Amino acid sequence: MRPIAMGRRNSLFSGSEGGAESWAILASLVSTPKLHELDPQAYLTDVLERIVSGRTKSHQLQELLTWNWKAAHHRTTQAAA
């Protein structure tokens, strides 16, 4: 079964409007990195660590969007090499 079809079917059982909204947010957080050819776990781990540690300030949050993160991540790995 395709992942999107499976997700759609599972979301039918979210239990409430709030649960459905939470499911939609979670699905978006996992699907968007995939669309940008990123590993969702690596992306979310890095983004959450940057936010929690304070390395990324509130006025810099646009840097953590998937389309910006890939470029920032690529520059970081190039600089380290």
Side-chain angles (χ1 to χ4, degrees):
M1 196 174 232
R2 291 181 26 215
I4 192 73
M6 182 92 145
R8 191 175 340 130
R9 177 165 228 150
N10 287 342
S11 65
L12 292 173
F13 303 101
S14 58
S16 67
E17 187 175 333
E21 186 174 339
S22 296
W23 177 263
I25 291 168
L26 179 61
S28 178
L29 286 171
V30 172
S31 298
T32 304
K34 286 182 181 181
L35 291 173
H36 291 277
E37 298 178 358
L38 300 172
D39 174 24
Q41 184 176 357
Y43 169 73
L44 290 172
T45 299
D46 182 61
V47 166
L48 292 173
E49 285 177 357
R50 288 186 193 193
I51 292 171
V52 171
S53 71
R55 288 188 300 160
T56 301
K57 306 297 181 207
S58 61
H59 67 280
Q60 299 171 311
L61 291 176
Q62 74 278 2
E63 295 173 10
L64 301 179
L65 297 171
T66 52
W67 46 91
N68 294 336
W69 181 85
K70 185 174 184 180
H73 182 68
H74 184 63
R75 281 193 302 267
T76 305
T77 55
Q78 280 184 340

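All values derive from a computational prediction rather than experimental measurement.
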Thr45: side-chain contact (heavy atoms from CB on, under 4.5 Å) partners, not counting sequence neighbours:
Gln41, Glu49
Non-neighbouring partners of Leu29 that pass side-chain contact (heavy atoms from CB on, under 4.5 Å), sequence neighbours left out:
Ile25, Leu44
Of all heavy-atom pairs linking Asp46 and Arg55, the shortest is OD1-NH2, 4.0 Å
Calculate, to the nearest 0.5 Å, the distance between atoms OG1 and NE2 belonging to Thr66 and His36 respectively.
3.5 Å
Using the ring pair (Phe, Tyr, Trp, His ring centres under 6.0 Å) rule, collect all pairs that involve residues 38-60, keeping only residues at least two apart or in two chains.
Tyr43-Trp69
Quick check for you: to the nearest 0.5 Å, what is the distance between Arg50 atom CZ and Gln60 atom CD?
9.5 Å
Looking at Pro33 and Ser28, what are the two nearest heavy atoms and their distance?
CD-O, 4.3 Å
For Ile51, what residues pass the side-chain contact (heavy atoms from CB on, under 4.5 Å) criterion, not counting sequence neighbours?
Val47, Leu61, Leu64
Restricting to side-chain contact (heavy atoms from CB on, under 4.5 Å), what partner residues turn up for Leu35, sequence neighbours left out?
none
